[in-house]
Amino acid sequence: MQEARTGRTAAPVEGLDEALAAVDAFDHTLAAGLLRPRPDRVGGLGALARAVAGSPLAARVAEAAEKAAAGSASEDHLVALAAARTALLGSVHDALVVSADELSGRLREEPAPAAAGPRTTVNLLAAARTWLADLARTGWQGIDHELAGGAAPIVSAMLPEPGLRRPATLLDGFAAELAASCPGAALEHVPERRWADLWSRALLLTVPGAAETPVSGTATGRLLPLGVDLQEHATAAQAQVHAVFEPADGSAPRLVRASVSAPKPDTVVAAGVWRLLRPHLSLLTALGEGRSMELDAMPLTEEGDLLWDDALARPGDPADALATARVVLPTAVAPLTAPLNRHPARIAEPVFLEGYDRRQEGGVLTFTVAGRDLPVDTDRIPAAGPLTPEAVAGSRACVGLLRWDDGGLRLQPLAVETTVRRKAVALHAGAWAGGTADKAGARAEKAATDAVTVLRERAGRLLRK
């Protein structure tokens, strides 16, 4: 096997299993509710408190765990427990990112002092906190439609406020998921980790100022796309473009992202999704055409997210994603992750692999990289592009995202280099983002256009009545 260009093999993460076990124990307690904690589950509160005993949270969390065990936890105590859980998962995130950096050989930005922002108390946030506290006291096994529906008036009041849309959207989705699972007592399986994730994040977002996304500055220079992560649901779709930004001042290149989301009818699928997303992000067209983009003072957050404005970008020269990954990606510096966003599920580290061995066992494709087995998550390959699991299995180079799933790091392919009819070809998950001549893709786009046109006509008739 050729030497894989990914750096050295990362060592197992010490303490990871213990940290996740403490989180699971708390989540198990939360599922039964904190109004009258069951004796067989109250140990999860102590496990969480012991896990953060050496941190600045120790005293507050110990008090909160004691009060919760007695069934007398206040909203502030519940916030402390949510903060401890989030901090513990944040430590897991950080350890896994170090492991991913060892695998990719990547450098990461040094932390800078956080800028102080406005901390205004908002009554709507207090109302949301009360609803979330009621959920924790009831537990997932005790939810009913009345409790789940209690979020609706809060969400309706929050959505008109731009600064509250982030927590409002989270609350709305969380409440809908709970309502679809009522009554909780009849559930055969409770998604404890997922619902505890949503609960703790939503609760911390009710702390004034927590939902802010500081803008660190602006980006002027060349943007080189690596690939796009397309996430599609029945009523919404999101595309997140991962790229390398080369500043015009000659400073070190850095990893950045640009995202766009749009609502969609459930009849719009596959390549038709691009028709909905493309008008809101010109970067998708550049990605599909294999071009770079020139940015002029594009707002950039501390976490590397471009706040995209088409007026501040123009198409640049041709730029091949695989060439960018080979040459520029190894030198790109990764941004830091904000404390509230430090969660293993959010890890998505761009990497370039080549010279790997491949094997397929039981439907699972595995790349062997520098002596380390790396499972490939082919289920994440979208149907809205020419990239297929078969192409990935036959590839010799790959641009992908390192993600943490099912207890380990996995690779989500974004683009591969493979051989078709004895010729080297590149296949990209986002190749159709800017439009396609492919017959299947063109049919899907036409169907999407027809579906949206019909829905707009119907909506117009309803509004005129």
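For the numbers below, each heavy atom of this structure counts, side chains included, while hydrogens, waters and symmetry mates do not.
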Chemist: Does a donor on one side chain and an acceptor on the other come within less than 3.5 Å for Thr29 and Arg41?
Modeler: no
Chemist: Any side-chain donor-acceptor pair under 3.5 Å between Asp373 and Thr368?
Modeler: yes
Chemist: Keeping to residues at least two apart or across chains, list the salt bridge (charged side-chain N to carboxylate O under 4.0 Å, His left out) pairs with something in residues 332-346.
Modeler: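 Passing the test, one end in residues 332-346: Asp94-Arg342.
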Chemist: What are the two closest heavy atoms between Ala69 and Val42, and how far apart are they?
Modeler: CB-CG2, 3.5 Å
Chemist: Using every non-hydrogen atom in the two residues, find where Ala286 and Ser292 come nearest and quote the distance to one decimal.
Modeler: CB-O, 4.4 Å
Chemist: Measure the shortest side-chain to side-chain distance between Glu303 and Leu336 over non-hydrogen atoms and say whether it is less than 4.5 angstrom.
Modeler: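 Of all side-chain heavy-atom pairs linking Leu336 with Glu303, none is under 4.5 Å.
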Chemist: How far does CD1 of Ile347 sit from NE2 of His93, to the nearest 0.5 angstrom?
Modeler: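 If I round to the nearest 0.5 Å, the distance is 5.0 Å.
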Chemist: For residues Trp195 and Trp140, establish whether the separation of their ring centroids is below 6.0 Å.
Modeler: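 Yes, they do, as the ring centres are separated by less than 6.0 Å.
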Chemist: Could you tell me whether Glu417 and Arg326 make a salt bridge, using a distance below 4.0 angstrom between a side-chain N and a carboxylate O?
Modeler: yes
Chemist: Below 4.5 Å, heavy atoms only, C-beta onward: do Val155 and Phe174 meet side chain to side chain?
Modeler: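 They are not in contact (no side-chain heavy atoms under 4.5 Å apart), so the answer is no.
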Chemist: Locate the shortest heavy-atom distance separating Pro191 from His189; write the atom from each residue and the value.
Modeler: CD-O, 3.7 Å
Chemist: For Pro413 and Leu387, work out which heavy atoms get closest and say how close.
Modeler: O-CD2, 4.0 Å
Chemist: Kindly say whether Asp305 contributes a backbone atom to a donor-acceptor pair with the side chain of Thr301 at under 3.5 angstrom?
Modeler: yes
Chemist: Report yes if some heavy atom in the side chain of Val260 is under 4.5 Å from a heavy atom in the side chain of Gln238; otherwise report no.
Modeler: no
Chemist: Does the side chain of His242 come under 3.5 Å of the side chain of Gln240 through a donor N or O and an acceptor N or O?
Modeler: yes
Chemist: Can you check whether His428 reaches Val228 side chain to side chain, under 4.5 Å on heavy atoms?
Modeler: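 A side-chain contact under 4.5 Å is absent here.
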Chemist: More than 12 heavy atoms of other residues, nucleotides or ligands under 6.0 Å from CD of Glu66: is that the case?
Modeler: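 Check fails, neighbour count at 12 or below.
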Chemist: Suppose the criterion is side chain to side chain donor-acceptor pair (under 3.5 Å): which pairs have a residue in residues 220-229, not counting sequence neighbours?
Modeler: Arg222-Glu246, Asp229-Gln231, Asp229-Arg403, Asp229-Gln412
Chemist: Answer yes or no: is there a side-chain heavy-atom contact under 4.5 Å between Thr218 and Leu295?
Modeler: no
Chemist: Quick one: are Val256 and Val244 in side-chain contact, heavy atoms under 4.5 Å?
Modeler: no
